[in-house]
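These notes concern the structure reproduced below.
A note on names: the letters A, B, ... follow the listed sequences, proteins ahead of strands, and every chain is numbered from 1.
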Protein chains: 2
Amino acid sequence: MNKVISASQKATREQTKEHNKRFILKMIYERDPISRADLARLTKLTRASISNVVSALLEEDMVSEVGLAKKSVGKPPTLLSFNKDARQLITLDLASDMFRGSLMNLRGEVLERVKISLGGRRGPAAVEQVIALIEQLQERATQPLLGIGIGTPGVVEPYQGVVKSAINLNWTELPLRDLLQERFSLPVYLANDAQLAALAQFLFSSNKDGIQNLILVKVGRGIGAGIIFGGEIFFGDGFSAGEIGHVVVDPNGKLCTCGHNGCLETMASTRALAEQMSQIAASNPSSRLHQMVRDGETLTSNAILQAHLDRDFTVQPVIERSGRFLGGAMAHIVGAMNIRHIYIAGSMARFGDALLEPIRQEVFRRSYPALINQIEIKISELGADIVLLGAAALVLNFELGIV
Amino acid sequence: MNKVISASQKATREQTKEHNKRFILKMIYERDPISRADLARLTKLTRASISNVVSALLEEDMVSEVGLAKKSVGKPPTLLSFNKDARQLITLDLASDMFRGSLMNLRGEVLERVKISLGGRRGPAAVEQVIALIEQLQERATQPLLGIGIGTPGVVEPYQGVVKSAINLNWTELPLRDLLQERFSLPVYLANDAQLAALAQFLFSSNKDGIQNLILVKVGRGIGAGIIFGGEIFFGDGFSAGEIGHVVVDPNGKLCTCGHNGCLETMASTRALAEQMSQIAASNPSSRLHQMVRDGETLTSNAILQAHLDRDFTVQPVIERSGRFLGGAMAHIVGAMNIRHIYIAGSMARFGDALLEPIRQEVFRRSYPALINQIEIKISELGADIVLLGAAALVLNFELGIV
DNA sequence: TTGAATTTGTTTTTTTAATTAACTAACATA
DNA sequence: TATGTTAGTTAATTAAAAAAACAAATTCAA
C-alpha cells in the first residue's frame, strides 16, 4: 500500500524523493527519538540527504528537535521526534447499529469519541448520521485534519471509495468517498470493517515480528474475515475476500436469508448465540439467564457474557459450538493458504479462551499435522477500537506512508 | 515480482533507471513491433529518454530495428522488435518420475527437449540427473544463456532456492540453487511446480484480461494448487501455500501416509483413480480395462484416459467422484478469497469436461449464490509444458522484468 | 513544384535529487 | 591544550529525466 511506484508506470525523480521522504518519516515514527546520523545509518542514505529531507519535515511541523543525546565521544546528536499531534484524523466504525467515531492523533490515540445510534435508519438517512458524526468531530479538532477513515460493513470498493452493498444499511453502489470528500474537502478512505480490523492488527501489533500474512476473523452480529497478504489487505476479485459469513458449515442447519442452510453466520454469530441461549435458558432454571428469558427480554451478548463471567455453566457449551463451527470454516483457508497467524476479534472475542479453545481444537484437528505447531490462533488484543485503528491506519498509510 | 524498489529500502536514481529500462523492454515485448514515438506515448516518458534506453537495448542486442512504418503524415517511425532469440534459457520440470527439460527462447518457445527417467533414483542420485539434463541442454544452446528455471515438487523456498522437502525425491533442505549456480555459473530460479504452473497461466494467458488473481489446481500423481494474488505467486508463511493434497475431504476415507483419513490426494489423484478403476474393472467384464486388470497389469492414467475416450462408461463415474472431491476442497478457498478464475491442469486435466463438470457443480453448490455466476472454472490450455513455461516466466521476470 | 505542416528521432540544455567531499561544531580524552 | 571522533551543514559533482531546440522525412495544399 505504501507503493509510490507501480510496476506498470514510469519511474521519476519525484517518486524517488517522495519514497525517501516517506521512508525517513516512517523511520522517525518507528524509532522516535532518533538522530539524523542514526537515520543515515539506518536508511543507507547520506547524512546530507537526511538533513535535506528533515528540514522539509521540520518545516511542515511533522517532526521536532527535542534535545541532544549523550554519547561517548564526538558531537552529541540532535534527537528528532515524530510530532504525533501535528495533525489529527477522523475515524468511523459503521459496523454495528451504533455508529462510532473518534478524533485521533497521528499515533492512533483517541482524543475524542462520539456515538450515534442508528435507530433503524437506513439508506440516505444513515448517510446523514455519518455526516453528523464527522461534523461533531470536525468541530472538536484542534489541529489541521489529515483525513477521514471509515470502516463500513458489506462489500466496499476501496479504490473508488464506493460501498457496493451493505445490506443492513441498505446501501448499494453508494459513492460515499466522493460524497464526503466534496462535503468536507478532506481526503476520505474507506474499506470493509473486518478488512480494516485485520490491517490494524497487522500495523499496530503483528508487524513488529516481521509477519507479513495474517487472517483476522471478526465475530459479532455478522461474521467476516480480513486478510493481510504481503503486508497489504487482500481484497479479492470482487472486493469481498474474507466474506465467510455465508460459508456452509452445517448443511442441515438453519435456513439463512442467503438461501443456503447452516451458513456460518446463522450458526456462530452473536445472533445465533442469543437464539440458542434463549432456548437453553428457557428450559433450564439453573441458568442465570432463565429469569431474563422468562421476562420476555431478548438476550444481548452483553448479558450472555456477564452470565458467562459469573460462571453460568449453560453458556460454555453454546460458545464451544460456535467455536467449532468457526474453526471448521477457518481450517480450510488457513491450511490451503499456509497462514500461521490467526486472530479473533469482534464482540464475540470477549469470551476469550472459552471461544478460542474450541476454535483451536477444530483447526488443529483438520490441519496437516506437520503444520499444526506453527499455527498461532489468538484473541486480538486491540479490543473494541480495532476498526477505528484500522481506519486510522488507512489514512496514515496513504497520506504519510507511515505505520 | 517485478519490483525494483521495496518499501523498506531507500530509492535511488539507479533504481529509477533500471525500472524504466525494464518497463520499456516489457512494452516492446508486448507490443512488438513498436516505434520509439509510440513507446513515449505509452510510457509517458519523453522521446529523448526512450531513445536513450533503446540505444542501450540495441547495444545489448535485446531489440532490433526492423524497418519503417507508414503513417499519414510526418517522418515514418522506425519499428523496434523484441529479439526473442537474443538469449536462451533452460527450464526443467521435476514434478513427475520423468524429469523433463527444455531449451527455450525469450518468448518461451521450446527449441529443444530432453527427458530422463528417474527410475526410482532419489536423493543425490536425483540431483545428478538434474545436472545431466542441464548439461545436455547447455550443449545444445546456440545463444548466450539467460538462466535456469526449475519447477520441483514439494515445498520450495524460492528466495534462497532451497528445496525444503520433496518426499518422492527424498530431498530435504537441499540448496539446489547454490549448487547449480556454482556448477553452471548461471542464474538459477526454482519454485514449486504447481506454483509455477499458476504463474505460467497468469503470465502466458490470463494476464491479458487484467486478471490479477487466480488459482490453478494441478492434479496428477499428487495434487497441488498454485495461487496468484496481485500478479504474484503467493507462497504462504512456510512456502507451502496451495498444498491442498492433504486437505481432508472424506473423514471416512482411506488412510493417508500423512496420518489423516480421506485426504484429497488419496481420494482424487491419478493414483486414487487407478486404484478405483482397478477394482471396478476387475468386477466389471463390460469395461475395456477388464482384460488389463485380469492380466495383472497396473492401470496407468494413459490407459484409463484411452478407455474413457473410447467411451468406456465405467470410467466416467470414477472421474466424477474425483471431480466432486476436488470441487469440494476448492469451494472454501475460492469463496473465502473471492477468487473468480480457477484453472485445472496436470495429467488429470486431460479428462476435460468429464472432470470439469463435477468440479463446477460442487463449487457452485457450496458457494454464495450471488457470486456463482462470476466464477470461471476452466481446464488450462497450456497443456503438458505448463511447468516449463512457468519456470521460463520466473527467469524472464527476474532477469529481464518481462512477461 | 514548392513551401507549410506534421511527425519522428536526436542533440543540447536545464532541472532535480542524491552523492561526494570538504568543512564547521561540539564533545571526550590523553 | 592538542587530537581524535561524531554530528550536521555546505558546496561541488553526478546522473537521469524533462524541456527545448533542431534535423530528417514525409504528406498535403497551393
Ring-plane angle category for A/Phe235 and A/Tyr159, please: parallel below 30°, perpendicular beyond 60°, tilted otherwise. perpendicular

Donor-acceptor under 3.5 Å (B/Gln160 side chain, B/Pro175 main chain):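 Side chain of B/Gln160 to backbone of B/Pro175: no pair is present.
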
Taking the side chain as everything from C-beta on, heavy atoms only, tell me whether B/Arg36 gets closer than 4.5 Å to B/Leu80. yes

Got B/Pro158 and B/Tyr189 here, is their nearest side-chain heavy-atom distance under 4.5 Å?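 Heavy-atom side-chain distance check fails, nothing below 4.5 Å.
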
Can you name the side chain to side chain donor-acceptor pair (under 3.5 Å) partners of A/Arg41, sequence neighbours left out?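 Applying side chain to side chain donor-acceptor pair (under 3.5 Å) to A/Arg41 gives A/Asp38.
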
Can you tell me how far [atom2] of [N] sits from [atom1] of [X], to the nearest Å?
X       : N      : atom1 : atom2 : result
B/Ile50 : D/dA17 : CD1   : P     : 10 Å
A/Leu79 : D/dA7  : CG    : P     : 11 Å
A/Gln9  : D/dA17 : CD    : P     : 15 Å
A/Gln15 : C/dT15 : CD    : P     : 21 Å

Output yes when at least one side-chain N/O atom of B/Arg41 is less than 4.0 Å from OP1 or OP2 of C/dT7, else no. no

Distance check: side-chain N/O of B/Ser51 vs OP1/OP2 of C/dT10, anything under 4.0 Å? yes

Those residues at least two apart in sequence (or on a different chain) that pass ring pair (Phe, Tyr, Trp, His ring centres under 6.0 Å) with A/Phe202 are none

Scan nucleotides 17-30 of chain C nucleotide by nucleotide, 5' to 3', and note B when protein non-hydrogen atoms come under 4.0 Å of the base, S if they reach only the sugar-phosphate, - if neither. BBBB----BBBS--

